[in-house]
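Contents: one structure, followed by commentary.
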Amino acid sequence: MNTSKLLLFTGWLFIFLNFASCKNKATKLNSELASIDFLRGNLLLCGDGQFGELKFSLSCNYETRENFDLAVALLHSFQYNESEKAFVKVIDADPNCPMAYWGVAMSIYHAAWFPPSKEDLIKGSAVLKIAKGLSMDDKQRDYINAIDAFYTNWETTHHKTRAKRFEAKMEQIYLKYSEDMEAAIFYSLALFSTRDRVGKDYINEKKAGEILENLFIENPNHPGIAHYIIHNYDNPVLAQKALKTARRYASIAPSSAHAQHMPSHIFTRLGIWQESINSNLQSTESARCYAEAAALTGSYFEELHGIDYLVYAYLQKGDNENAEYQYELIKERKKFHPQMLTAITYPLTAIPARLALENKDWVRVANLELQDVELNWELFPWQEAIHHFAVAMGAVNTNDFKTVEQKIEVLKSLHQNLIALNDKTQDIQIKLVDIQIKTSQAWLSFRKNDLKNGLELMQEAVAIERKTSKHPVTPGDVLPAIELLGDMLLELDKPEEALLAYKENLVGHPNRFNGVYGAAVAAKISGKTEEATLYFNQLIQLTKNSNSNRVELKEAKAYVDLQNQSI
């Protein structure tokens with residue numbers, strides 16, 4: 001064979017072998033993709049489909065840029081199912097795009113929520129295995145390696161350890177690519193995911209908040225920046241810093257039920273009840289729209305979450321009628337979309353408890369029953385504990401001491417169940433149930449006339465509460481321990497000490513109906529007329545336009561009228 005023919009043959013052989021190799025790789029990739037149960041289908045976007053503005057430079061083909069950026073925007077507003085579907089659209093159009101697989105793995109992680117299921121972890125690991133076999137540049141590989149650090153050895157490594165690994169990798173990316181805004185945003189999310197969920201130092205939250213606030217100045221329509229500012233500042237210490245952002249986030253991503261709801265976290269922390277109500281009326285309507293579009297067999301969890309906040313806000317305005325109406329919407333439901341079980345089970349026990357406890361309707365609360373739903377309550381010891389605590393408080397105030405003793409034992413058992421899980425992400429739940437146990441014991445002793453022991457136990461409950469953060473899924477405690485301490489001190493005829501307790505309560509829970517009323521009564525009994533008038537007037541303003549029939553409001557108006565007549 002002459003040289004020219006040899007060269008021609010070699011060239012064709014190279015092309016053939018290369019083609020065969022590519023074909024084999026494509027076949028293998030298609031096989032791997034087929035083995036993964038991706039979420040697919042039309043994106044279920046209510047409203048006009050607006051989720052904010054962003055451009056992530058790491059998308060792949062230009063033709064997929066729009067879907068990729070939408071997927072990231074959905075991810076930033078925790079529309080996790082829809083974000084996965086959007087990233088899968090990118091994969092279907094460009095299966096060699098590594099960042100699309102990154103997006104699916106991020107959508108499954110749920111960084112700000114609670115640990116993924118075993119099935120999610122298996123799926124995320126499989127997705128990343130494919131991604132790591134693709135060609136990519138250094139920056140893409142850094143992103144892939146960061147989320148892979150969370151999934152690596154998930155079978156033997158605790159969630160909290162893996163979350164810290166992800167945070168460390170994201171910090172490296174944030175420092176390495178200072179021009180990459182998304183790196184900074186996802187690093188702030190990683191900081192939030194590894195925060196101290198129990199304590200009140202808010203170290204991670206402050207660090208993340210500073211990063212995000214600097215970015216928000218020049219990027220006022222970015223959904224992730226606004227969203228994560230709210231999450232990091234969702235506490236009594238930092239909430240005021242997020243008020244401006246909270247009032248903007250809903251308009252940034254008007255098609256997201258979660259974006260409509262999130263501002264109410266800040267409104268709740270600051271006691272701005274009407275804005276919280278407006279936020280959650282929009283959120284629950286959006287959630288119902290999504291449930292209808294998705295043809296869900298059960299209610300979407302965002303609706304229950306929003307209703308929980310609605311009931312809480314209405315109760316602080318003394319508006320029992322609207323609070324009861326919201327409860328009526330969900331009290332007979334049995335099926336729920338299980339995307340986030342904590343946000344489903346918590347409202348189902350907290351809402352009926354609040355309605356009775358906030359009104360001190362002890363007979364009603366003593367006779368509460370767990371809602372009959374298609375869930376196993378034994379899997380949710382913290383949420384079940386709320387129910388038993390509420391019944392204990394009803395029983396102790398109707399002198400049914402035997403039931404109180406039984407409920408305390410149930411609470412202790414649930415507390416041990418939480419401890420036995422050996423899950424650090426549940427530490428805050430353990431503390432909250434501990435507070436409920438001591439509170440129940442305190443009032444049992446108190447009602448049995450062991451006043452000294454009752455007061456000491458109540459003070460112990462308050463001491464734990466002072467060191468324990470609010471659980472992120474809740475608008476607030478079903479009954480703050482410090483507020484109950486004020487109630488106990490009033491009954492002990494110690495109004496000045498009670499006033500101090502109520503004031504402390506109002507620092508952490510501003511504009512709580514019972515907190516303001518308690519402070520007013522304590523000030524009145526202490527002979528502090530001006531202070532009593534101030535608090536009673538505050539109660540009147542709180543309930544303005546709410547058509548409240550609360551007897552406490554009638555007392556407030558009568559007292560203020562009497563003071564005005566004496567001027």
Side-chain angles (χ1 to χ4, degrees), residues 29 32-33 35-40 43 51 54-113 116 120-154 162-163 165-174 176-177 179-193 222-224 228:
L29 178 57
E32 290 173 330
L33 289 173
S35 69
I36 298 175
D37 185 21
F38 285 117
L39 293 180
R40 281 192 166 88
L43 300 184
F51 290 90
L54 60 84
K55 289 184 179 180
F56 197 2
S57 62
L58 291 182
S59 57
C60 299
N61 291 343
Y62 180 81
E63 293 77 9
T64 64
R65 175 67 61 85
E66 186 175 346
N67 271 337
F68 188 90
D69 286 348
L70 174 59
V72 176
L74 289 164
L75 181 61
H76 280 314
S77 281
F78 296 173
Q79 302 292 129
Y80 289 126
N81 281 2
E82 303 313 304
S83 68
E84 179 179 338
K85 286 195 288 185
F87 282 119
V88 172
K89 283 183 179 291
V90 177
I91 292 173
D92 289 341
D94 180 12
N96 291 300
C97 178
M99 289 304 291
Y101 299 91
W102 165 88
V104 172
M106 286 293 294
S107 299
I108 296 170
Y109 175 20
H110 305 165
W113 287 355
D120 287 336
L121 291 166
I122 292 172
K123 180 177 177 179
S125 299
V127 167
L128 289 169
K129 181 181 178 182
I130 295 174
K132 288 184 291 185
L134 301 175
S135 296
M136 66 187 83
D137 61 30
D138 289 344
K139 190 173 181 182
Q140 290 173 327
R141 191 166 297 281
D142 286 340
Y143 269 91
I144 296 291
N145 287 339
I147 187 58
D148 189 51
F150 172 76
Y151 286 95
T152 298
N153 296 329
W154 63 265
R162 291 180 287 111
R165 292 195 310 218
F166 174 66
E167 179 210 314
K169 290 285 188 180
M170 283 311 307
E171 182 178 24
Q172 291 173 9
I173 295 174
Y174 164 66
K176 183 176 180 181
Y177 305 105
E179 80 292 346
D180 185 354
M181 180 173 66
E182 292 297 325
I185 296 168
F186 281 112
Y187 174 48
S188 75
L189 175 62
L191 283 169
F192 180 73
S193 72
H222 193 292
Y228 305 149

List the atom of Tyr80, the atom of Ala111, and the distance in Å for their closest heavy-atom pair. OH-N, 4.0 Å
Calculate, to the nearest 0.5 Å, the distance between atoms CE and CZ belonging to Met181 and Phe186 respectively. 10.5 Å
Tell me, do Ile36 and Ile130 make a side-chain contact under 4.5 Å, heavy atoms counted? yes
Can you measure from OG1 (Thr64) to CG (Asp92) and round to the nearest 0.5 angstrom? 11.5 Å
Give me the one residue out of Arg40, Lys123, Gln79 that meets side chain to side chain donor-acceptor pair (under 3.5 Å) with Glu84. Lys123
With a 4.5 Å cut-off on side-chain heavy atoms, are Lys89 and Glu66 touching? no
Within a radius of less than 6.0 Å around NZ of Lys176, do more than 12 heavy atoms belonging to other residues, nucleotides or ligands occur? yes
Please walk me through it: do Thr152 and Arg162 pass side chain to side chain contact (heavy atoms under 4.5 Å, CB included)? CA-CA 8 Å; Thr152 298; Arg162 291 180 287 111; over 6 Å; no
Separation of Phe87 CZ from Cys97 SG (nearest 0.5 Å): 9.5 Å
Taking the side chain as everything from C-beta on, heavy atoms only, tell me whether Val88 gets closer than 4.5 Å to Leu39. no
Least distance between heavy atoms, Ala190 atom then Glu167 atom: CB-CA, 3.7 Å
Leu121 CG to Tyr151 OH distance, which is reported to the nearest 0.5 Å: 6.5 Å
Roughly how far, to the nearest 0.5 Å, is the CD atom of Gln140 from the CE atom of Met99? 6.5 Å
Run the salt bridge (charged side-chain N to carboxylate O under 4.0 Å, His left out) test on Lys139 and Glu179 for me, step by step, so that the C-alpha distance in whole Å, both residues' side-chain angles and the decisive distance to 0.1 Å come before the verdict. CA-CA 12 Å; Lys139 190 173 181 182; Glu179 80 292 346; 3.5 Å; yes
Centroid separation under 6.0 Å, is that true for the rings of Tyr143 and Phe56? yes
Aromatic contact, Tyr109 with Phe150 (centres under 6.0 Å): yes
Shortest non-hydrogen pair, Ala71 vs Ser83, comes out as O-CB, 3.5 Å
Check whether Asn145 reaches the backbone of Arg141 with its side chain - one donor and one acceptor, N or O, closer than 3.5 Å. yes
What is the minimum heavy-atom distance between Val90 and Asn67, and which atoms define it? CG2-CB, 3.9 Å
If every non-hydrogen atom of Met136 is compared with every non-hydrogen atom of Ala131, which pair is closest and at what distance? CE-O, 3.0 Å
Are the side chains of Ile185 and Leu189 in touch, meaning some heavy atoms are under 4.5 Å apart? no
Nearest atoms (heavy-atom pairs only) where Leu74 meets Ala86: CD1-CB, 4.2 Å
Closer than 3.5 angstrom, by distance alone: can the side chain of Tyr101 be matched with the main-chain N or O of Asn96 as a donor-acceptor pair? no
If only atom types and distance count, is the side chain of Asp180 paired as donor or acceptor with the main-chain N or O of Tyr174 below 3.5 Å? no
Once rounded to the nearest 0.5 Å, what's the spacing between atom NZ of Lys169 and atom CG of Asp142? 8.0 Å
Just so I know, are the side chains of His222 and Tyr228 near enough to count as touching, which here means a heavy-atom distance under 4.5 Å? no
